[in-house]
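Here's the structure we're looking at; comments come further down.
Atoms within each ligand, like the ligands themselves, are counted from 1 in listed order. Quick caveat: nothing in here was measured; it's all calculated off a predicted structure.
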Amino acid sequence: MVKEEARNLFEKFKQAVKDHHEFFGSSIPLIASENVTSMAVRRFYLSDFGCRYAEGKVGKRFYQGCMYIDVVEDVAIKLTKMLFNSEHVNVQPISGVTANIAAFFALAKPGDKVFSLSVPCGGHISHHRFSAAGIRGVEVVNYPFDMENLNIDVDKTRKLALKEKPKVFVLGASLYLFPHPVEEIAEIASEVDGRVMYDASHVLGLIAGKQFHDPVPYSDVVTASTHKTFPGPQRAIILSRAELAKKVDNAVFPGVVSNHHLHSLAAYVVACMEMLEFGESYAKQIVRNAKALAEALHSLGFNVVGESLGFTESHQVAVDVSEFGGGDPVAKMFERINIVLNKNLLPWDDLTKTENPSGIRIGVQEVTRIGMKEEEMKALAEIMWNAVNKKKSEEELRRDVIELKKEFTSVKYAFDESEIYAIVESFLSEL
Ligand code: DSN
């Protein structure tokens, strides 16, 4: 007989699961690092693969029963190569941070210097000493940042690199509006015998859809989670030059991964197929939507970051909301009216502003995936403007959000389930 306390906890859990799904069903999701997967992806996520183990590499496992898992992983590698044209692919990291830890192990030794962007300028926590970079014991030096161009200052970076001689130049970001100067940094890296590691997590889907600068030809290693603009399950990949294959693979297994969550690997294969088919139109609409939202917010009176640069080239829009009390109260107020986004440090914030930074960060990849277009971006901007200026009650604003969301209840740019089974079957038979 289960104890009453456990039963009560289970009731609480069931209620939370129900409430969560109802909340997201009637909300506008704008977290730049999230996305929604198709029903076909979810089907594979629930498969028996999630109950199995596959340590090691394709064809070289430590457990029996992996013969079909080997096929799945081989397909995942080949589809990833098709999407990104990379010499070597590892599909085993279970998250972006895991991939970054492995990349640091492959590229650097403890005590080596690493250049990365500060967190306010967009650097991810795993590019820093309190996460993946610190786990490898490297010394992090921040890139000089050009506040006007909202990007890495190449000339100052060259000067600093000649002095500091970093072994790794980390590119890619979490607040990522404009492509980093990858060619220029790769050139500097070659001058000081360093390597380029590009964290493409945020823009992977835009790269797959050919709507963002492709870092693969200029980077030694590209790491990326597969669930932001790339609409797959939560895991990660590492792309690298062929000469680094062994180092990368060993850093992943046995370095940071034992089993690698095979149900999400199967789901990732389906997401790759979706991106091969729909990636370009999906990515194009994401960038169009981001630009449309930025322009609409700006014309209403919001202080949108990057005006002189066209606001954004990615899925993200950043807004300085200092005049409305800062990112923390503004993000919480939006949550109350069913708009989900996050507070964010902006390049001019120092770390003392972490709790209440100047900005909010908005990502439009998920609303694009459910079919929203430029017109809905304008409607969304209007609700946001009414909200920060308290032109309506929160109850009325929540109703406006629910009304806007009402028509957008299914995932676009995706196969239907029967089609995906047929496609996966035909692909498997071609191997
Ligand atoms: N922290 C996530 C983001 O929102 O950018 C990435 O891990």
Need the ligand 1 atom indices (1-based, order shown) with element for anything under 4.0 Å from a heavy-atom of [X].
X: His202; value: 3 (C), 5 (O)
X: Ser174; value: 5 (O)
X: Arg361; value: 3 (C), 4 (O), 5 (O)

> Taking atom CD of Gln234 as the centre, does the number of heavy atoms from other residues, nucleotides or ligands within less than 6.0 Å exceed 12?
Replying inline: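 Count not over threshold, so no.
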
> More than 12 heavy atoms of other residues, nucleotides or ligands under 6.0 Å from CZ of Phe408: is that the case?
Replying inline: yes

>> If the test is side-chain hydrogen bond (donor to acceptor under 3.5 Å, both in side chains), which one of His315, Lys228, His124 qualifies with His202?
In response: His315

>> Using a 4.0 Å heavy-atom cut-off, which part of Glu34 comes near ligand 1: side chain, backbone, both, or neither?
In response: neither

> Among protein heavy atoms, which sits nearest to atom 1 (N) of ligand 1, and what does the distance come to when rounded to 0.1 Å?
Replying inline: His124 NE2, 3.7 Å

> If you round to the nearest 0.5 Å, how far is CG of Leu265 from CD1 of Ile69?
Replying inline: 9.0 Å

> ring-ring contact (aromatic ring centres under 6.0 Å, His included) between Tyr268 and Phe44: does it pass, once the steps are laid out?
Replying inline: CA-CA 9 Å; Tyr268 169 71; Phe44 286 82; over 10 Å; no

